[in-house]
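The structure appears below as structure tokens.
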Amino acid sequence: VQLQASGGGLVQAGGSLRLSCAASGSIFSINSMAWYRQAPGKQRELVASITNGGTTNYPDAVKGRFTISRDNAKSTVYLQMNSLKPEDTAVYYCTANIQRSGPFPRTTSNYWGQGTLVTVSS
């Protein structure tokens, strides 16, 4: 199983970016999906999460500016980021809780993408 993130880049403050993360491989089902970020010298922090039923969760720092969504048919999670601020600059990582396909028992694990850099200039 692999997660491939894309969509990062350089944007001016107030601008928007959309991140995508596609899961591939031997997947039976995908449970929750989420985005985290890690700025230089800081701990990795949750940015947004979404359950397989579509329930979302955001920390106060991004609430009202970021929107997480998923396309279950494409095994893909998105992060729409609006009104970006310089403090949003970080490497963004996607993660998913995935049950592998194949013979029983089908294991469930958390998988991480490779990270995509978002830089917001002032």
Side-chain angles (χ1 to χ4, degrees):
V1 174
Q2 290 185 329
L3 297 181
Q4 181 68 45
S6 61
L10 174 64
V11 64
Q12 289 188 332
S16 298
L17 278 176
R18 189 191 193 210
L19 306 183
S20 300
C21 177
S24 63
S26 302
I27 298 171
F28 178 74
S29 65
I30 302 177
N31 302 312
S32 61
M33 306 182 84
W35 289 93
Y36 283 74
R37 68 185 179 187
Q38 187 166 20
K42 295 188 176 181
Q43 290 187 333
R44 190 171 297 189
E45 62 177 359
L46 175 69
V47 175
S49 65
I50 185 168
T51 67
N52 56 3
T55 300
T56 58
N57 181 55
Y58 306 93
D60 289 342
V62 306
K63 196 173 293 183
R65 300 189 297 122
F66 291 9
T67 302
I68 189 171
S69 60
R70 61 191 285 172
D71 184 333
N72 292 328
K74 295 182 179 179
S75 299
T76 299
V77 62
Y78 305 96
L79 185 68
Q80 177 67 43
M81 305 184 292
N82 299 328
S83 302
L84 283 161
K85 305 175 181 179
E87 51 263 43
D88 295 318
T89 295
V91 177
Y92 284 69
Y93 299 90
C94 58
T95 182
N97 184 260
I98 295 174
Q99 185 176 28
R100 295 178 63 99
S101 61
F104 288 97
R106 292 174 176 157
T107 58
T108 299
S109 302
N110 292 322
Y111 294 88
W112 289 82
Q114 83 283 9
T116 184
L117 177 62
V118 172
T119 304
V120 184
S121 63
S122 58

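None of the values given here were measured: they were computed from a predicted structure.
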Given side-chain contact (heavy atoms from CB on, under 4.5 Å), test R100 with R106 step by step and report yes or no.
-> CA-CA 6 Å; R100 295 178 63 99; R106 292 174 176 157; 5.6 Å; no
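- Judged as a disulfide bond (SG atoms under 2.5 Å apart), the pairs with a partner in residues 19-119 (not counting sequence neighbours) are, in order, C21-C94.
- Checked options F66, W35, Y78; the residue passing with L19 is W35 (criterion: side-chain contact (heavy atoms from CB on, under 4.5 Å)).
- Hydrophobic clustering of Ile, Leu, Val, Met, Phe, Trp and Tyr side chains at less than 4.5 Å, counting indirect connections, keeps V77 apart from L46.
- The minimum heavy-atom distance between S101 and I27, with the atom names listed, is OG-N, 3.7 Å.
- Sorted by first and then second residue, the side-chain hydrogen bond (donor to acceptor under 3.5 Å, both in side chains) pairs with a member in residues 110-122 read N97-N110; sequence neighbours excluded.
- Note: T51 OG1 to I68 CD1 = 10.0 Å, rounded to the nearest 0.5 Å.
- Hydrophobic cluster membership is shared by L17 and V120, with clusters built from Ile, Leu, Val, Met, Phe, Trp and Tyr side chains linked at under 4.5 angstrom.
- One finds the CG atom of N82 at 11.0 Å from the CZ atom of R18 (value rounded to the nearest 0.5 Å).
- Counting heavy atoms from C-beta on, the side chains of I30 and N72 never come closer than 4.5 Å.
- I50 and Y93 are not part of a single hydrophobic cluster, where members link through side-chain heavy atoms under 4.5 Å apart.
- No donor-acceptor pair closer than 3.5 Å links the side chain of S75 to the backbone N or O of A22.
- Closest approach of I98 and V1 over heavy atoms only: CD1-CG1, 3.6 Å.
- Among all heavy-atom pairs drawn from L79 and A48, the shortest one is CD1-CB, 4.1 Å.
- Among pairs with a residue in residues 68-85, none fulfils salt bridge (Lys or Arg N to Asp or Glu O under 4.0 Å), at least two apart in sequence or across chains.
- For S69, there are no side-chain hydrogen bond (donor to acceptor under 3.5 Å, both in side chains) partners two or more places apart in sequence or in a different chain.
- Judged by distance alone, the side chain of Y58 and the main-chain N or O of R65 form no donor-acceptor pair under 3.5 Å.
- Hydrophobic cluster membership differs between Y36 and L84, with clusters built from Ile, Leu, Val, Met, Phe, Trp and Tyr side chains linked at under 4.5 angstrom.
- Sorted by first and then second residue, the salt bridge (Lys or Arg N to Asp or Glu O under 4.0 Å) pairs involving residues 33-60 (not counting sequence neighbours) are R37-E45, R37-D88, D60-K63.
- Sorted by first then second residue, the salt bridge (Lys or Arg N to Asp or Glu O under 4.0 Å) pairs that include residues 107-118, not counting sequence neighbours, number zero.
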